[in-house]
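Scroll down for the structure; my scribbles are underneath it.
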Amino acid sequence: MTDKELFDIAKEAVALSRAPYSGFNVGAALLCKNGKVYKGANIENAAYSATVCAERTAVFRAVLDGETEFVSIAVAAKNQNGEYVSAPPCGTCRQVLSEFCKSDFKVIFGTDDNLNCITLNDILPYSFSLL
Ligand code: THU
């Protein structure tokens with residue numbers, strides 16, 4: 001699967017987002033080593049801190065399905081005006097990804113015109129680990 005193909009699935013996942021408070025809709029597509037793709041989307045809560053990001057919903061769905069080997073994740077986002085904008089994963093999501101993914105895991109984000117692909121190690125160097 002190409003980066004662009006995974007990003008297109010992340011764009012589809014934007015439609016699953018529930019973001020009545022921020023109006024910022026995020027979709028994620030997580031590619032497993034076995035070829036399966038898990039979609040995620042942000043789910044907001046009236047108690048704002050209870051909100052969960054798109055990346056984490058994708059990871060948690062996959063892990064609950066028994067998947068633990070991942071290749072890459074793509075993230076797509078639409079702002080309040082319905083325009084696609086670049087949305088690199090937040091710090092908490094980077095840490096969650098680091099729990100399950102190797103340092104060469106790829107993170108794909110941006111827009112159709114400007115798609116970025118960077119390793120997890122590059123966006124989260126010196127990640128915390130107990131192992
Ligand atoms: N959000 C994500 O889904 N992923 C990120 O990595 C950063 C932010 C969501 C959370 C919230 O619903 C909205 O974007 C605005 O912060």
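Everything numeric here is computed off the predicted structure, so don't read it as measured data. Whatever order the structure lists ligands and atoms in, that order sets their numbers, starting from 1.
Comment: K78 does not engage E83 in a salt bridge, judged by the lack of any side-chain N to carboxylate O separation of less than 4.0 angstrom. Contact check on D8 versus K4 returns a salt bridge, with a Lys/Arg side-chain nitrogen under 4.0 Å from an Asp/Glu carboxylate oxygen.
Not a single heavy atom of A87 sits less than 4.0 Å from an atom of ligand 1.
The presence of a protein heavy atom under 4.0 Å from atom 4 (N) of ligand 1 is confirmed.
Annotation: A54 places an N or O atom under 3.5 Å from an N or O atom of ligand 1; distance criterion only. On a distance-only criterion, E44 and ligand 1 share at least one N/O pair closer than 3.5 Å. Residue contacts with ligand 1: F24 is placed with no nitrogen or oxygen under 3.5 Å of a nitrogen or oxygen of the ligand (distance criterion only).
Here the heavy atom of the protein found nearest to atom 9 (C) of ligand 1 is N42 ND2, 3.6 Å. In terms of protein heavy-atom proximity, atom 1 (N) of ligand 1 is closest to C53 SG, 3.6 Å.
Taking a 6.0 Å sphere around NZ of K102, one finds it holds 12 or fewer heavy atoms contributed by other residues, nucleotides or ligands.
Aromatic rings from F105 and F70 are positioned such that their centres are separated by 6.0 Å or more.
Judged by distance alone, the side chain of R94 and the main-chain N or O of I123 form a donor-acceptor pair under 3.5 Å.
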(message) Applying side chain to side chain donor-acceptor pair (under 3.5 Å) to N42 and S17, what does each step give before you reach the verdict?
(response) CA-CA 5 Å; N42 55 331; S17 161; 2.7 Å; yes
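Numbered from 1 in the order shown, with element, the atoms of ligand 1 that lie under 4.0 Å from a heavy atom of P89 read 6 (O). The E55 neighbourhood of ligand 1 comprises atoms 2 (C), 3 (O), 4 (N), 5 (C), 6 (O), with distances under 4.0 Å to a heavy atom of that residue. Of all atoms in ligand 1, listed by their number and element, those nearer than 4.0 Å to a heavy atom of S22 are 13 (C), 15 (C).
Linking ILVMFWY side-chain heavy atoms closer than 4.5 Å, directly or via other members, places F109 and M1 in two distinct hydrophobic clusters.
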